[in-house]
Amino acid sequence: MPMANANLLSELQSGSSLIIMRHADAPGIGDPPGYRIGDCSTQRNLGEYGRQQAKEIGAWLSKQGISEARMFSSPWCRCLDTAVLLNKGPVTTERSLGSFFNEMSESSKQTRELEAFVRQQLSKSNKLPLILVTHQVNTYAYTGMSVGVGQMLLVKVNSQGKAISSRALN
């Protein structure tokens with residue numbers, strides 16, 4: 001597990017930072033032909049290692065003082081399951097976090113939608129940390145950083161919700 005980040009909670013409570021995370025380990029690449037959102041039996045899902053990985057990341061976040069967060073996830077089952085297993089509170093699906101792996105032409109449009117969502121979330125006076133669980137393509141489009149499975153980035157954003165800097169947490 002990663003080392004402690006002494007100021008992580010205060011950074012997340014600043015109103016200008018969030019965590020974006022790639023879902024935990026789900027063996028394979030992409031989704032099978034004919035997959036359907038909302039039907040996990042048709043999608044690539046977390047394996048046993050991925051489920052354990054998500055629980056360990058949730059425990060690490062707790063050790064950083066993050067016992068509760070505003071949790072948003074891609075509607076894909078592997079992201080939802082990761083978010084739930086972090087055990088930081090109720091998880092809400094957010095369309096702008098959905099994968100565009102099969103529709104890369106959607107990258108710019110969907111990233112703008114994500115920026116608007118982040119702007120709206122961080123403008124609230126709610127001091128609970130904001131954690132977004134999504135896919136590698138989304139994380140890269142938003143931050144410019146490639147991430148491995150289960151990897152989290154601490155992202156500092158401007159007032160428009162655009163990522164201005166990010167660093168790996170694990």
Side-chain angles (χ1 to χ4, degrees), residues 1-29 31 37-41 43-99 101 114 117-118 120-122 124-143 145-157 161 163 165-170:
M1 282 274 66
M3 295 176 33
N5 284 261
N7 298 320
L8 181 58
L9 182 58
S10 61
E11 288 181 71
L12 290 169
Q13 291 173 326
S14 71
S16 62
S17 295
L18 60 94
I19 289 175
I20 192 166
M21 175 184 182
R22 181 179 177 187
H23 61 77
D25 188 62
I29 296 174
D31 283 290
I37 301 301
D39 184 351
C40 296
S41 69
Q43 299 177 33
R44 179 168 61 102
N45 293 294
L46 297 182
E48 187 54 43
Y49 172 74
R51 286 188 288 279
Q52 185 61 37
Q53 182 185 32
K55 290 176 189 173
E56 289 174 4
I57 292 166
W60 180 84
L61 286 167
S62 293
K63 289 178 185 166
Q64 310 313 306
I66 301 167
S67 58
E68 188 179 5
R70 290 178 282 163
M71 298 292 305
F72 292 92
S73 172
S74 159
W76 270 249
C77 296
R78 58 187 171 271
C79 293
L80 282 165
D81 291 346
T82 298
V84 167
L85 289 167
L86 292 176
N87 196 28
K88 299 298 163 220
V91 177
T92 303
T93 58
E94 168 52 37
R95 197 182 69 72
S96 66
L97 294 169
S99 177
F101 182 78
L114 177 57
F117 174 76
V118 166
Q120 182 256 340
Q121 284 298 315
L122 292 179
K124 295 180 178 182
S125 59
N126 189 336
K127 290 295 184 194
L128 281 179
L130 179 60
I131 300 178
L132 310 177
V133 181
T134 188
H135 308 266
Q136 192 279 332
V137 292
N138 303 70
T139 303
Y140 182 79
Y142 184 60
T143 67
M145 291 182 69
S146 287
V147 291
V149 292
Q151 187 172 14
M152 296 179 292
L153 300 176
L154 177 66
V155 182
K156 184 157 183 62
V157 301
S165 68
S166 53
R167 66 178 167 90
L169 292 175
N170 60 336

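For clarity, every value in this text was computed on a predicted model and none was experimentally measured.
In this structure, CE on Met152 lies 12.0 Å from OG1 on Thr139, to the nearest 0.5 angstrom. Rounding to the nearest 0.5 Å places CG of Leu122 at 9.5 Å from CG of Leu12. Here CD1 of Ile20 is found 11.5 Å from CD1 of Ile131. Values are rounded to the nearest 0.5 Å. Note: Leu61 CG to Met21 CE = 7.5 Å, rounded to the nearest 0.5 Å. From Ile57, atom CD1 reaches atom CD1 of Ile19 across 10.5 Å, with rounding to the nearest 0.5 Å. Atom CZ of Arg167 sits about 10.0 Å away from atom CG of Leu153, to the nearest 0.5 Å.
Side-chain atoms of Ser16 and Lys156 form a donor-acceptor pair, as typed in the model, at a separation below 3.5 Å.
No more than 12 heavy atoms of other residues, nucleotides or ligands shown are found within 6.0 angstrom of OH on Tyr140.
With hydrogens and angles disregarded, a donor-acceptor distance shorter than 3.5 Å links the side chain of Arg70 to the backbone of Leu128. Side-chain N or O atoms of Asn138 include one that pairs as donor or acceptor with a backbone N or O of Gly98 at under 3.5 Å. Not a single donor-acceptor pair under 3.5 Å links the side chain of Glu94 to the backbone N or O of Phe72. Of the possible donor and acceptor atoms, none in the side chain of Thr82 sits under 3.5 Å from a partner among the backbone N and O of Ala54. Within the 3.5 Å criterion, the main-chain N or O of Cys77 finds no donor-acceptor partner in the side chain of Asn45.
Here the side chains of Leu114 and Thr134 are not in contact, with every heavy-atom distance at 4.5 Å or above. Residues Arg78 and Asp31 form a side-chain contact, since some pair of their non-hydrogen atoms from C-beta on lies under 4.5 Å apart. When side chains are defined from C-beta on, Gln53 counts as touching Val149, because their heavy atoms get closer than 4.5 Å. Between Leu154 and Ser17 there is a side-chain heavy-atom pair separated by less than 4.5 Å. Side-chain contact between Val133 and Met71: present, with at least one pair of heavy atoms (C-beta onward) separated by less than 4.5 Å. Side-chain contact between Leu169 and Trp60: present, with at least one pair of heavy atoms (C-beta onward) separated by less than 4.5 Å. With a 4.5 Å cut-off on side-chain heavy atoms, Arg44 and His23 count as touching.
His135 and Trp76 have their aromatic ring centers within a separation under 6.0 angstrom.
Closest approach of Ala163 and Val155 over heavy atoms only: CB-CG1, 3.5 Å. The minimum heavy-atom distance linking Val91 with Ser73 is given by the pair CG1-CB, 3.7 Å.
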Passes side-chain contact (heavy atoms from CB on, under 4.5 Å), Leu85 versus Leu46? Steps please. CA-CA 11 Å; Leu85 289 167; Leu46 297 182; 4.1 Å; yes
In sequence, state the C-alpha distance, the side-chain angles, and the governing distance for Val157 and Tyr142, and then conclude on side-chain contact (heavy atoms from CB on, under 4.5 Å). CA-CA 10 Å; Val157 301; Tyr142 184 60; 3.2 Å; yes
